[in-house]
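One-based numbering, in listed order, for ligands and for the atoms of each. Atoms considered below: every heavy atom in the structure, side chains included; atoms not considered: hydrogens, waters and symmetry mates. The shown structure was predicted, so the numbers you read here are calculated from the model rather than taken from an experiment.
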Amino acid sequence: MVVTPTVVLTIAGSDSAGGAGIQADLRTLAAHGMHGATVVTVVTAQSTSETRAAEFLSADLVGAQLDAVLSDLPVAAVKTGMLGTAEVVSLVGEHARAGLLPNLVVDPVLVDASGGALFDDPVPQRYVTELFPHASVVTPNLHEAALLVRAPVGTVGDMERAAAAIGAMGPAAVVVKGGRLGGQRSPDVVWSGGVVRRLPAIRVETCNDHGTGCSLASAVAANLARGMPRDGAIDAAKYFVSRAISSAAGWRMGSGHGPIDHMGWSG
Ligand code: PLP
């Protein structure tokens, strides 16, 4: 009997500490029973507490990885994480426009942990014009949503307005992640086909939250690859990440922000 596991492609950066980026994506996909193919865009030297160095790969090398994967493997969904350079955003956009990136989930990694912009224009602008119109789901956090709509996003009402404004930029759905909202709750806001709704969540006290954004986007891609409808794919991904955060809350891993428990090691 011939069996082909479901293949999901992640186009993202490497986190040497293994908490975020490609490493989080691969664990998320493995936890969903899927094969992850990887196009690496940037290699970062980071611990759980700081990023010490980063080197972006050339658009040629990113393109060569993309073509090697797409010409050979039956990719069912694609997730993008840190793309970095305007050339790479445009390259991925060209592949998306050509219909080569099915079930595209775009995590617009545009700000650092403290909310500072990682990339100047034209990078954010190219996300909006060249990637969002081809995306099934776009998953900004609060800071990224604020940068994209050029307005503060600090309340659930702001998140709803931002989700609708980003939805008007062309994707089929938007998830504005509320993980950095203060208070007891950290709801996400979903805009899907013109309808806005809240995904409730109780805040978990933990320092192990690195890679939550990467993991949510990869889980959405995995669920879309499985054939789930968009809203169900988003809800199931939120549940997966919430469980992984709770499960790792007691872990001691490094001196800073540790990883989440993708594999259910802590039950
Ligand atoms: N991609 C890489 C390579 C990173 O290093 C990071 C954060 O450090 C991210 C993506 C975004 O991580 P998060 O899922 O915590 O938002």
Side-chain angles (χ1 to χ4, degrees), residues 9-29 31 36 38-57 62 65 78-85 88-89 92 105-119 123-124 127 131 137-148 153 174-181 186 188 201 203-204 206-222 234 237-238 240-245 248-249 251 253-262:
L9 168 63
T10 164
I11 307 173
S14 167
D15 167 4
S16 53
I22 290 274
Q23 290 82 354
D25 297 339
L26 286 179
R27 279 199 303 283
T28 300
L29 296 172
T38 57
V39 167
V40 180
T41 53
V42 52
V43 176
T44 70
Q46 59 178 299
S47 65
T48 58
S49 57
E50 62 177 347
T51 299
R52 300 181 183 186
E55 201 161 301
F56 288 91
L57 275 60
V62 173
Q65 294 175 78
V78 179
K79 175 253 166 169
T80 70
M82 190 184 284
L83 299 178
T85 66
V88 168
V89 177
V92 175
V105 180
V106 175
D107 186 16
V109 180
L110 292 169
V111 297
D112 62 23
S114 53
L118 282 167
F119 310 106
V123 172
Y127 267 89
L131 274 184
V137 185
V138 175
T139 62
N141 63 27
L142 293 183
H143 297 307
E144 290 154 353
L147 186 143
L148 289 165
V153 180
V174 180
V175 182
V176 178
K177 297 171 287 190
R180 291 174 188 168
L181 272 179
S186 53
D188 293 345
R203 176 173 302 283
V204 175
T206 179
C207 57
N208 298 322
D209 57 359
H210 198 42
T212 49
C214 304
S215 304
L216 181 87
S218 297
V220 173
I234 292 168
K238 171 80 176 172
F240 171 79
V241 172
S242 299
R243 207 189 49 189
I245 292 171
W251 287 6
M253 184 87 91
S255 56
H257 292 267
I260 62 174
D261 182 10
H262 299 95

Any N/O pair V109/ligand 1 closer than 3.5 Å: no
Does the distance from a Lys or Arg side-chain N to an Asp or Glu carboxylate O, for D209 and R203, drop under 4.0 Å? no
Among the heavy atoms of A12, does any lie under 4.0 Å from an atom of ligand 1? no
Heavy-atom donor-acceptor pair, T28 side chain to A219 backbone, under 3.5 Å: no
Is there a donor in the side chain of T139 and an acceptor in the side chain of D107, or the other way round, less than 3.5 Å apart? yes
Set out, in order, the CA-CA distance, both residues' side-chain angles and the distance that settles side chain to side chain donor-acceptor pair (under 3.5 Å) for T48 and H210, then state yes or no. CA-CA 8 Å; T48 58; H210 198 42; over 6 Å; no
Under a plain distance cut-off of 3.5 Å, with no hydrogens placed, do H262 and S215 share a side-chain donor-acceptor pair? yes
If you compare all heavy atoms of G179 against all heavy atoms of D188, which two are closest, and at what distance to 0.1 Å? N-OD1, 4.4 Å
Roughly how far apart are I11 CD1 and T80 OG1, rounded to 0.5 Å? 6.5 Å
min-distance protein heavy atom vs atom 1 (N) of ligand 1 -> G21 CA, 3.7 Å
Report, in ascending order of atom number, the atoms of ligand 1 lying under 4.0 Å from any heavy atom of G13. 3 (C)
Looking only at protein heavy atoms, which one is nearest to atom 8 (O) of ligand 1, and how far off is it? H210 CE1, 3.0 Å
Quick check: Q46 and ligand 1, any N/O pair under 3.5 Å apart? yes
T212 heavy atoms, cut-off 4.0 Å: which ligand 1 atoms fall inside? 14 (O), 15 (O)
Judged on heavy-atom distance to atom 10 (C) of ligand 1, which of S218, P259, C214 sits nearest? C214
Among A54, G211, A20, which residue places a heavy atom closest to atom 15 (O) of ligand 1? G211
